[in-house]
Participant: 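Sending over a structure as C-alpha cells; questions will come in a sec.
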Amino acid sequence: MKIFMDTANVEEIKGYVDWGIVYGVTTNPSLIAKTGRTQAEVIPEIAALVEGPVSAEVISTECEGMVKEARELVKIAQNIVVKIPCIPEGLKAVKILTAEGIKTNVTLVFSMSQALMAARAGATYVSPFIGRLDDIGVDGVQLVANIVQAFKLYGIETEVIAASVRNLEHVEKVMLTGCQIATIPTKVLAQMIKHDLTDKGLATFLADYEKSKK
Ligand code: E4P
C-alpha cells in the first residue's frame, strides 16, 4: 500500500518527504482553507516537492466548468491529478478528461455502485471515505475491502485510495484489503512510526552501550 499525505500544508509535506515515504498527496478545498493560502499558491509548491500524483480538486459542479478547471490545473505540473466529485456531471467530466489523457481521482465515494460508475467512466483513482462512513455507523474499511475485491474480480484497473483516514486502526486494517493507496493526515502519519517498545528498547541499548564503554 502506497502512502499519500492528506494535507495541503507544504511545511508538513516537506518534513515527511525527507523520510522517503510520501508517494503522493491529496488535497481538497477544506484542507486548503486550513492553510490560509489559495489553491493557486499551494498546489505548484506541493507538486514540486513530491514526484508522485498530487490531487487538486475542482470547484465547479457542472461538467463544462470541471473540464475547464481541470485543463488549467494540469498545466501546473505533470504530476497533477484532478479530483472530481462523484456526481453525474462529474462522471461526464471524467469521461472527457480521460479521453484527453488527464488523470482523475473521483472523490466523495461512499458506495460500491459509485465506485463502479467512477471506474467505468475512466477514473484513474477512486477515493472511498472511511471516517465519514464510520461517523454514520457504516464500516468504511469494509467498503474499501469490497471495492478492492470487486475491481480485482472484474479486472478493473482504477486504483483505490482509502481516504478520510482518522486513526492507526484505519491504516492497519486497510493494509489488509489490498487497497493500493491510503491517503493519511499528518497527525496519523506521525503516530505510525511510534511504538513505546521502540523508545524503551532504544533507551536500554544506549544505556547499556554507556555501561560497556571502557
Ligand atoms: C481525501 O482525498 C479526502 O478529501 C479526505 O481524506 C477527506 O477526509 P475527512 O473526511 O477527514 O475530511
Side-chain angles (χ1 to χ4, degrees), residues 1-10 12-13 16 21-39 42-43 46-47 49-50 52-61 66 69-70 73-74 79-87 90-91 93-94 97 102-111 114-115 118-119 121 123-145 147-148 158-175 177 179-192:
M1 185 172 78
K2 292 179 183 117
I3 297 172
F4 282 17
M5 284 188 76
D6 196 20
T7 180
N9 185 309
V10 173
E12 287 178 6
I13 296 167
Y16 286 93
I21 57 153
V22 184
Y23 195 86
V25 173
T26 52
T27 66
N28 65 36
S30 308
L31 291 170
I32 288 177
K34 272 192 207 167
T35 67
R37 304 177 70 203
T38 65
Q39 175 164 269
V42 295
I43 293 295
I46 297 172
L49 274 176
V50 178
V54 174
S55 289
E57 191 157 338
V58 296
I59 304 304
S60 308
T61 52
M66 290 186 203
E69 278 185 64
L73 284 169
V74 296
N79 54 343
I80 299 295
V81 171
V82 183
K83 228 172 168 192
I84 305 273
C86 194
I87 57 176
L91 294 193
V94 168
L97 296 170
I102 293 175
K103 290 185 177 161
T104 55
N105 171 2
V106 174
T107 189
L108 292 164
V109 168
F110 294 96
S111 72
Q114 288 182 315
T124 318
Y125 305 97
V126 291
S127 290
F129 277 35
I130 296 175
R132 293 194 198 190
L133 278 172
D134 286 2
D135 289 345
I136 59 159
V138 177
D139 186 343
V141 172
Q142 190 58 54
L143 175 66
V144 172
I147 295 170
V148 170
T158 302
E159 291 194 275
V160 181
I161 304 179
S164 190
V165 166
R166 301 264 171 85
N167 51 50
L168 274 185
E169 193 184 350
H170 283 158
V171 175
E172 296 188 354
K173 281 187 172 170
V174 289
M175 281 175 75
T177 66
C179 170
Q180 291 90 353
I181 299 150
T183 189
I184 303 176
T186 313
K187 192 186 90 189
V188 179
L189 212 52
Q191 292 164 5
M192 284 171 68

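Start at 1 and go down the list; that is how both ligands and their atoms are numbered.
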Participant: Mark up the atoms of ligand 1 that fall under 4.0 Å of a heavy atom belonging to R166, in ascending order.
Facilitator: 10 (O), 11 (O)
Participant: Nearest non-hydrogen contact with atom 4 (O) of ligand 1 belongs to which option: V25, N28, I161?
Facilitator: N28
Participant: Of all heavy-atom pairs between L108 and P85, which one has the smallest distance, and what is that distance?
Facilitator: CD1-CB, 4.4 Å
Participant: Please state whether the rings of F4 and Y125 are parallel, tilted or perpendicular, taking 30° and 60° as the class boundaries.
Facilitator: perpendicular
Participant: Nearest protein heavy atom to atom 6 (O) of ligand 1, by residue and atom, and its distance?
Facilitator: D6 OD2, 2.5 Å
Participant: Within a distance under 4.0 Å of any heavy atom of F129, pick out the atoms of ligand 1 and give their elements.
Facilitator: 3 (C), 4 (O), 7 (C)
Participant: Checking T26 against D6: is there a side-chain donor and acceptor pair closer than 3.5 Å?
Facilitator: yes
Participant: Pairs of nitrogen or oxygen atoms closer than 3.5 Å, one from S127 and one from ligand 1: do any exist?
Facilitator: no
Participant: Could you tell me whether K173 and D139 have a side-chain N and a carboxylate O separated by less than 4.0 Å?
Facilitator: no
Participant: Judging by distance only, is a nitrogen or oxygen of N105 under 3.5 angstrom from one on ligand 1?
Facilitator: no
Participant: Return yes or no for this condition: an N or O of T107 is under 3.5 Å from an N or O of ligand 1.
Facilitator: no
Participant: Looking only at heavy atoms, what is the nearest atom pair of V174 and T177, with distance?
Facilitator: O-OG1, 2.7 Å
Participant: May I ask you to check whether T183 has an N/O atom sitting below 3.5 Å from an N/O atom of ligand 1?
Facilitator: no
Participant: Please give me the minimum heavy-atom distance between C179 and M1, naming the atom from each residue.
Facilitator: O-CG, 3.6 Å
Participant: Would you please determine whether K83 falls within less than 4.0 Å of ligand 1 on a heavy-atom basis?
Facilitator: yes
Participant: If you have a sec, work out which protein heavy atom is nearest atom 8 (O) of ligand 1 and how many Å separate them, to one decimal?
Facilitator: S164 CA, 3.4 Å
Participant: Just to confirm my output: which protein heavy-atom neighbour is closest to atom 12 (O) of ligand 1, and how far is it?
Facilitator: R132 NH2, 2.8 Å
Participant: Below 3.5 angstrom, do we get any N/O pair linking T27 and ligand 1?
Facilitator: no
Participant: Could you walk me through whether T186 and M5 pass side chain to side chain contact (heavy atoms under 4.5 Å, CB included), step by step?
Facilitator: CA-CA 7 Å; T186 313; M5 284 188 76; 3.6 Å; yes
Participant: Using the side-chain contact (heavy atoms from CB on, under 4.5 Å) definition, which of the options I80, V81, V54 pairs with L73?
Facilitator: I80
